[in-house]
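All remarks here apply to the structure that follows.
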Amino acid sequence: MIAITNPPRLIAWELTAGCNLNCVHCRGASTSSVPEGELTTEEAKHFIDEVVELGKPILILSGGEPLTRPDVFEIARYGTDAGLRVVLATNGTLLTPEIVKKLRDAGVQRLSISLDGALAKTHDEFRGMPGAFDRTLAGIEVLRKADFPFQINTTISKRNLEEIPKTFELAKELGAVAYHVFFLVPTGRGEESDEVSPADYERILHWFYDMQKGSEIQLKATCAPHYFRIMRQRAKKEGIEISVKTHGYEAMTKGCLGGTGFCFVSSVGQVYPCGYLPALAGNIREQPFKDVWENSEVFRKLRDPEELKGKCGICEYKKVCAGCRARAYAATGDYLEEEPYCIYRPGKK
Ligand code: HEM
Ligand SMILES: C[C@H]1O[C@@H](n2cnc3c(N)ncnc32)[C@H](O)[C@@H]1O
Ligand code: SF4
């Protein structure tokens, strides 16, 4: 039998590991020092050529802080011309009208702005810089004036858990087209002691389900695969079928796309299932991207739910959830082990 591999739907690309901030939770442990040997402009363009050979995913230009890389506009333009939907993830502190114009001219379709609290103190402590909150809000103001679409990304940890509803309200007031929450993964500078408890995860994901129902803007939980279990448990209780009509995009996807619909490429060309799981699939300098995507052992394992261990392995929701592989890795050293932050006991329904 010939195994058919779907092309990636989304690729997050760390254009540079360098950053102007020093966030307490940063997966890349980014600082102002830029590592040696990052992909050159030519190598970056070559990578885009290779991506297009496989399919037309959304290309997320990320970092580090992608706006610290001078050729970011040239790379974005190249991706746009190649037919990709190019978006960019930024901390928002470096946005000026000139930069926003250049991003628009390069065909960038949306920005994500990280905002980790509704209060300046919370965000600034997260971001390791006094004044970061004000600068990010100033950046958002530039986007509003230019009528440039943006979403707000918030990483949820113990530091801001109780401020999430307020941050969601702020995102709406600011005119975000979507609100995406990321649950902290203990990797890089991210600390396990900052992770919210499994019970709090459950609580906030139920809140999220309720918010999603009546929300005029798109809400998405990333790195919280158990949301897809909760969605099904709640829908069953309410007697509703899960469909695109009732649950939108969430009905068509699953908990974690790492290695199946999504991958992360580091600034030196390393390919990983996501930016939080240091399980190396290959390097685009050594192998064609297609070969890494289709044949690497890590990706093959992640595509097979039968490989899952512990309670995830026997869970009736494993095909829609599969747990966070990065959290399993951080807790045990084995990315196929059970998700440590899920309270569900398989078989309970
Ligand atoms: C349009 C602007 C967007 C930006 C700038 C953005 C940014 C990001 C970033 C930076 C990550 C983290 C990647 C990593 O470090 O590993 C991420 C993850 C992800 N995003 Fe977005 N995103 C955007 C829109 C979307 C949309 C519209 C969707 C789907 C409807 C989406 C789905 C995902 C998924 C599935 C992941 C991967 C995490 C996982 O494995 O579940 N994103 N996004
Ligand atoms: C793309 C998003 O990823 C967030 N981010 C950075 N590091 C981590 C981590 N360890 N866990 C979860 N999210 C993280 C950023 O704050 C940004 O909003
Ligand atoms: S989370 Fe983003 S803004 Fe913060 S240090 Fe890391 S790369 Fe920089």
Side-chain angles (χ1 to χ4, degrees), residues 10-35 38 58-69 72 87-95 110-117 122-133 135-136 139-140 150-161 164 167-168 171 176 178-196 201 204 220-225 256 258 262 264-267 272-278 324-331 341:
L10 256 128
I11 298 176
W13 185 6
E14 180 188 51
L15 275 192
T16 174
C19 187
N20 61 321
L21 298 186
N22 213 317
C23 304
V24 286
H25 70 306
C26 184
R27 53 144 286 278
S30 286
T31 65
S32 58
S33 94
V34 181
E38 296 198 320
I58 299 179
L59 186 63
I60 305 166
L61 304 181
S62 184
E65 176 49 51
L67 294 179
T68 61
R69 199 174 151 139
V72 59
V87 300
L88 183 135
T90 171
N91 60 43
T93 59
L94 301 173
L95 292 170
R110 193 198 283 180
L111 297 196
S112 70
I113 309 286
S114 301
L115 198 62
D116 295 319
T122 316
H123 180 83
D124 289 357
E125 279 175 15
F126 230 105
R127 295 269 146 189
M129 188 178 98
F133 185 78
R135 284 182 60 181
T136 296
I140 290 174
F150 67 93
Q151 68 180 53
I152 297 290
N153 287 352
T154 301
T155 302
I156 299 184
S157 81
K158 274 186 191 149
R159 296 165 179 265
N160 61 3
L161 178 63
I164 299 304
T167 315
F168 175 44
Y179 184 58
H180 289 197
V181 294
F182 289 69
F183 283 76
L184 181 74
V185 184
T187 188
R189 275 196 297 266
E191 299 220 19
E192 215 221 304
S193 57
D194 270 345
E195 278 191 278
V196 301
Y201 261 95
I204 198 102
K220 185 175 164 290
T222 296
C223 307
C256 171
F262 176 78
F264 176 89
V265 178
S266 85
S267 69
Y272 299 99
C274 75
Y276 312 105
L277 173 56
C324 170
R325 302 293 100 227
R327 263 186 217 112
Y329 178 82
Y341 279 74

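Residue numbers start at 1 and run along the sequence shown. Just so it is clear, the values below take in all heavy atoms, side chains as well, and ignore hydrogens, waters and symmetry mates. Keep in mind the model is a prediction, meaning the values are calculated, not measured. Just follow the structure's listing: the first ligand is 1, and inside any ligand the first atom is 1.
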Problem set entry | Heavy-atom pair of closest approach, residues D124 and G131 | OD2-N, 3.0 Å
Exercise. Hey, is R127 one of the residues with a heavy atom under 4.0 angstrom from ligand 3?
Worked result: yes
Problem set entry | Distance-only side-chain donor-acceptor flag, T93 / N20, under 3.5 Å | yes
For this session: Please confirm whether G188 comes under 4.0 Å of ligand 2, counting heavy atoms of the residue only.
Result: no
Exercise. If you count the atoms of ligand 3 from 1 in the order shown, which ones are under 4.0 Å from a heavy atom of C19?
Worked result: 3 (S), 5 (S), 7 (S), 8 (Fe)
Exercise. Does a side-chain heavy-atom distance below 4.5 Å link E125 with V24?
Worked result: no
Problem set entry | Distance filter under 4.0 Å to R189 heavy atoms, resulting ligand 3 atoms | 5 (S)
Exercise. What heavy-atom pair brings R327 and V185 nearest, and what distance separates the two atoms?
Worked result: NH2-CG2, 4.0 Å
Exercise. Does ligand 2 have any atom that is closer than 4.0 Å to a heavy atom of R127?
Worked result: yes
Exercise. Is any N or O atom of H25, backbone or side chain, closer than 3.5 Å to an N or O atom of ligand 2?
Worked result: yes
Exercise. In terms of side-chain heavy atoms, does E65 have a donor or acceptor partner in T90 at a distance below 3.5 Å?
Worked result: yes
For this session: Assess F126 for proximity to ligand 2: is some non-hydrogen atom of it under 4.0 Å away?
Result: no
For this session: May I ask you to list the atoms of ligand 2 that are less than 4.0 angstrom from any heavy atom of F183?
Result: 12 (C)
Problem set entry | For atom 5 (S) of ligand 3, closest protein heavy-atom neighbour | C23 N, 3.3 Å
Exercise. Hey, which atoms in ligand 2 end up nearer than 4.0 Å to a heavy atom of N153?
Worked result: 18 (O)
Seminar exercise, completed: Within 4.0 Å of some non-hydrogen atom of C26, the atoms of ligand 2 are 7 (N)
Problem set entry | Heavy-atom pair of closest approach, residues E38 and T16 | OE1-OG1, 2.9 Å
For this session: Find all atoms of ligand 3 within a distance of less than 4.0 Å from any non-hydrogen atom belonging to G64, and give their numbers and elements.
Result: 7 (S)
Exercise. Any side-chain heavy atom of R27 sitting closer than 4.5 Å to one from F264?
Worked result: yes
For this session: Kindly indicate whether the side chain of T68, heavy atoms from C-beta on, has any atom under 4.5 Å from the side chain of V34.
Result: no
For this session: Answer yes or no: is there a side-chain heavy-atom contact under 4.5 Å between T222 and N153?
Result: no
For this session: For ligand 2, find out whether one of its N or O atoms is nearer than 3.5 Å to an N or O atom of V185.
Result: yes
Seminar exercise, completed: atom 17 (C) of ligand 2: of S114, C274, A29, the nearest heavy atom sits on S114
Exercise. So does C26 have any N/O/S atom less than 2.8 Å away from atom 4 (Fe) of ligand 3?
Worked result: no
Exercise. For ligand 2, which atoms sit closer than 4.0 Å to a heavy atom of T155?
Worked result: 4 (C), 5 (N), 12 (C), 13 (N), 14 (C), 15 (C), 16 (O)
For this session: Determine whether L95 and I113 make a side-chain contact, defined as any pair of heavy atoms from C-beta on separated by less than 4.5 Å.
Result: yes
